[in-house]
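Okay, structure first, notes after.
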Number of protein chains: 2
Amino acid sequence: MSDEETETLAGTVAEVKEVGAGQIIVRQGVSLSECNLLVAGMVCRYKDLHGGQRQILELHLAGDFVDLHSFPLKRLEHNIRSLTRVRIAIVPHDRLKRVTEEHPHLARLLWFSTLLDAAIHREWILSIGRRSALGRVAHLLCELFVRMDVIGAVHDGRYPLPITQMDLADATGLTAVHVNRMLKKLRDDKLLTFRNGEVSVHDWDGLSRVADFDPAYLYLERRPR
Amino acid sequence: MSDEETETLAGTVAEVKEVGAGQIIVRQGVSLSECNLLVAGMVCRYKDLHGGQRQILELHLAGDFVDLHSFPLKRLEHNIRSLTRVRIAIVPHDRLKRVTEEHPHLARLLWFSTLLDAAIHREWILSIGRRSALGRVAHLLCELFVRMDVIGAVHDGRYPLPITQMDLADATGLTAVHVNRMLKKLRDDKLLTFRNGEVSVHDWDGLSRVADFDPAYLYLERRPR
DNA sequence: CGATAAATTGAGGCGCATCAAAGAACGTGG
DNA sequence: CCACGTTCTTTGATGCGCCTCAATTTATCG
């Protein structure tokens, strides 16, 4: 994104607000007229079954345009909830409409951003469908390592992860008890430690191997305009 | 989509070709300069782990713009394979670029179409992560019923599904053996029959209940321009 | 510092996988 | 149109990975 485009996008922000941890930011089925750009903190998208089972669909970090897809979709079929205290920039749909019509390249970048979410969804389908419990946990923590690294949140192989093991369970399709056992195994195998809201990677190559991790799906390479 | 927009989009087609069953249409990682619009037949997107386990990510029916997301993404991180003999319309990226710049509303419709895929991905994450094996199979067959109905392929509660039980297994994160048992149970419970490449739904309400199916994620309602 | 939520560990059970083999459907060529 | 190989479906027997239930320890927060 060019500096000019960054400025154009920044100009669409109508308001910046703070929300506490554990708050529902967008509720499924509600008609929407604005999007939420996550400035600081962490949120998740999730869905529940009637039986009460919860599945987290994606984890979002600072910089993510959490519900940009509500612009074309008009409503969401899932909920969005803050995992920590968060700062959110509000972008009205009508401003997005104007900006995307006047700036085709920026429009494609925004489109790209929603497609990146879809690519992450697909990797999660693979993960939950075919990876072992250990592989699933390892893979998720690999993904977050790379995404945290992109936003400069990794230092000395460590990054903050202020969520519970139950959240990890809901993201991987496991139970909190089993996630705990898998984390113990990763720790015992000297691959990584997750403690006090921080992930510390000790052996990236070993971890990637267990996770069968390939960052290609995160589309990190520089792209032509 | 207006008649004029339909015509505009039709004008972007450079070529229509036929491909046999079981052919790879797009290979992961390859740089792309055109998209494939499925005119007839059925294709799937899938990914493999190094261990050889396969996961199908989405099933596509006639009318689906199978890899429209390659337009902004430039390459795909998964494969696309024909499940049956298919007819495909080829749309070059440069024509899409021109059309989307000149027709903002059509651009949003195309964006919407890729977001619908993402919504389907999310429902699959929920399905594979939290539904029972029976629920997963039932839910997938519910989804296909509704999508087949949209394209007018459902007659007397029946629709064609020319794929194998192994394909169903790869789509639901199960084994072919267990899918077979779940199909038997659905049959014994008089909910549906899947035989000779055709699904016959006997009890939609019962099936929906077992699947915990809610078609909201398919965004079927009419939307404002 | 007390209350509450989260992490940890153990014991036991179930759902789905794995392995195996027979039967049915399908495609292909004679 | 039938013979035949191949793929797909079906069913049974067995095992394991993850879930469930439960209790204790540790962290978090007002």
Side-chain angles (χ1 to χ4, degrees), chain A residues 20-22 42 49 51-56 81 83-85 127-141 160-188 192-200 210, chain B residues 20-23 42 49 51-56 81-85 127-141 160-188 192-200 210:
Chain A
M42 208 163 162
L49 289 179
Q53 301 99 307
R54 173 161 300 181
Q55 178 65 45
I56 291 180
R81 193 173 61 100
L83 293 165
T84 65
R85 178 165 187 79
S127 219
I128 298 174
R130 294 304 189 197
R131 282 187 177 91
S132 67
L134 189 68
R136 283 185 230 180
V137 174
H139 192 278
L140 178 56
L141 296 178
L161 189 63
I163 68 177
T164 67
Q165 294 184 9
M166 179 180 296
D167 292 328
L168 282 180
D170 287 339
T172 51
L174 299 167
T175 59
V177 171
H178 204 62
V179 164
N180 182 275
R181 290 188 221 275
M182 297 301 101
L183 288 172
K184 175 168 169 52
K185 176 150 178 59
L186 292 173
R187 210 182 314 128
D188 290 348
L192 70 77
T193 306
F194 172 46
R195 186 157 280 170
N196 304 326
E198 186 182 71
V199 173
S200 180
V210 167
Chain B
Q23 301 301 303
M42 208 164 163
L49 288 178
Q53 301 98 309
R54 173 162 300 181
Q55 178 65 47
I56 291 180
R81 193 173 62 100
S82 58
L83 292 165
T84 64
R85 177 165 188 78
S127 220
I128 298 175
R130 294 304 189 199
R131 281 187 178 91
S132 67
L134 189 68
R136 282 186 230 179
V137 173
H139 192 278
L140 177 56
L141 297 178
L161 188 62
I163 68 178
T164 66
Q165 294 185 10
M166 178 177 300
D167 292 328
L168 282 180
D170 287 339
T172 51
L174 299 166
T175 58
V177 170
H178 205 61
V179 164
N180 183 274
R181 290 188 220 276
M182 297 303 100
L183 288 172
K184 174 168 168 52
K185 175 149 180 59
L186 291 173
R187 210 183 313 129
D188 291 348
L192 69 76
T193 306
F194 172 46
R195 189 157 278 171
N196 302 328
E198 186 182 72
V199 174
S200 179
V210 167

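Naming convention: chains lettered A, B, ... in sequence-line order (proteins, then strands); numbering from 1 in each chain.
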Worksheet item: Counting side-chain heavy atoms from CB outward, which of D:dT10, C:dT9, C:dA6 is closest to B:Arg187?
Response: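 Closest nucleotide among those given: D:dT10.
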Which atoms of nucleotides 2-4 of chain C (N or O only) lie under 3.5 Å from a protein N or O atom, and what are those distances?
none

Worksheet entry | Under the side chain to side chain contact (heavy atoms under 4.5 Å, CB included) test, residues paired with A:Ala21 that sit two or more places apart |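 Counting only residues at least two positions away or on another chain, A:Ala21 forms no side chain to side chain contact (heavy atoms under 4.5 Å, CB included).
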Discussion item. Just to verify, what does B:Ser82 make a side chain to side chain contact (heavy atoms under 4.5 Å, CB included) with, not counting sequence neighbours?
Written reply: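 Counting only residues at least two positions away or on another chain, B:Ser82 forms a side chain to side chain contact (heavy atoms under 4.5 Å, CB included) with B:Val19, B:Gln23, B:Ile25, B:Val43, B:Val86.
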Nearest-Å distance for atom pair [atom1]/[atom2], residues [X] and [N]:
{"X": "A:Leu161", "N": "C:dA7", "atom1": "CG", "atom2": "P", "answer": "10 Å"}
{"X": "B:Lys184", "N": "C:dC16", "atom1": "NZ", "atom2": "C1'", "answer": "18 Å"}
{"X": "A:Ile163", "N": "C:dA5", "atom1": "CD1", "atom2": "P", "answer": "19 Å"}
{"X": "B:Lys185", "N": "D:dT10", "atom1": "NZ", "atom2": "P", "answer": "16 Å"}
{"X": "B:Leu183", "N": "D:dC8", "atom1": "CG", "atom2": "C1'", "answer": "13 Å"}
{"X": "B:Met166", "N": "C:dA25", "atom1": "CE", "atom2": "P", "answer": "19 Å"}
{"X": "A:Arg85", "N": "D:dC29", "atom1": "CZ", "atom2": "C1'", "answer": "15 Å"}
{"X": "B:Leu168", "N": "D:dT10", "atom1": "CG", "atom2": "C1'", "answer": "15 Å"}

Heavy-atom closest pair, residues [X] and [Y]:
{"X": "B:Gln55", "Y": "B:Gly173", "answer": "OE1-CA, 3.7 Å"}
{"X": "A:Arg136", "Y": "A:Arg131", "answer": "NE-O, 3.2 Å"}
{"X": "A:Ala171", "Y": "A:Leu140", "answer": "CB-CD2, 3.9 Å"}
{"X": "B:Met166", "Y": "B:Ala176", "answer": "CA-CB, 4.0 Å"}
{"X": "A:Gly129", "Y": "B:Ile128", "answer": "CA-CG2, 3.5 Å"}

Worksheet item: Are A:Leu161 and A:Met42 side-chain neighbours, meaning at least one heavy-atom pair lies under 4.5 Å?
Response: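 SC-SC contact between A:Leu161 and A:Met42 confirmed.
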Worksheet item: So, do A:Phe194 and A:Leu168 sit near enough that their side-chain heavy atoms are less than 4.5 Å apart?
Response: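 They are in contact (side-chain heavy atoms under 4.5 Å apart), so the answer is yes.
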Discussion item. With salt bridge (Lys or Arg N to Asp or Glu O under 4.0 Å) as the rule and sequence neighbours excluded, what pairs involving residues 162-180 of chain A come up?
Written reply: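 Sorted result for residues 162-180 of chain A: A:Arg81-A:Asp167, A:Asp170-B:Arg130.
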Discussion item. Check the phosphate of C:dT8 against A:Asn180, side-chain N and O only, distance under 4.0 Å to OP1 or OP2. Yes or no?
Written reply: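 So the side chain of A:Asn180 is within the cut-off, an N or O lying under 4.0 Å from OP1 or OP2 of C:dT8.
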Discussion item. So if I define the base as every atom that isn't primed, P, OP1 or OP2, how would nucleotides 12-28 of chain D read as a B/S/- string at a heavy-atom cutoff under 4.0 Å?
Written reply: BB----BSBB-----SS
Worksheet item: B:Leu183 pairs by side-chain contact (heavy atoms from CB on, under 4.5 Å) with which of B:Leu141, B:Thr193, B:Leu134?
Response: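 Of all the options given, the one that passes is B:Leu141.
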Item to complete: Please give the angle, rounded to 10 degrees, between the axes at the start and the end of the helix from C:dC1-D:dG30 to C:dG30-D:dC1, where five pairs define each axis.
Response: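 About 60° separates the two local helix axes.
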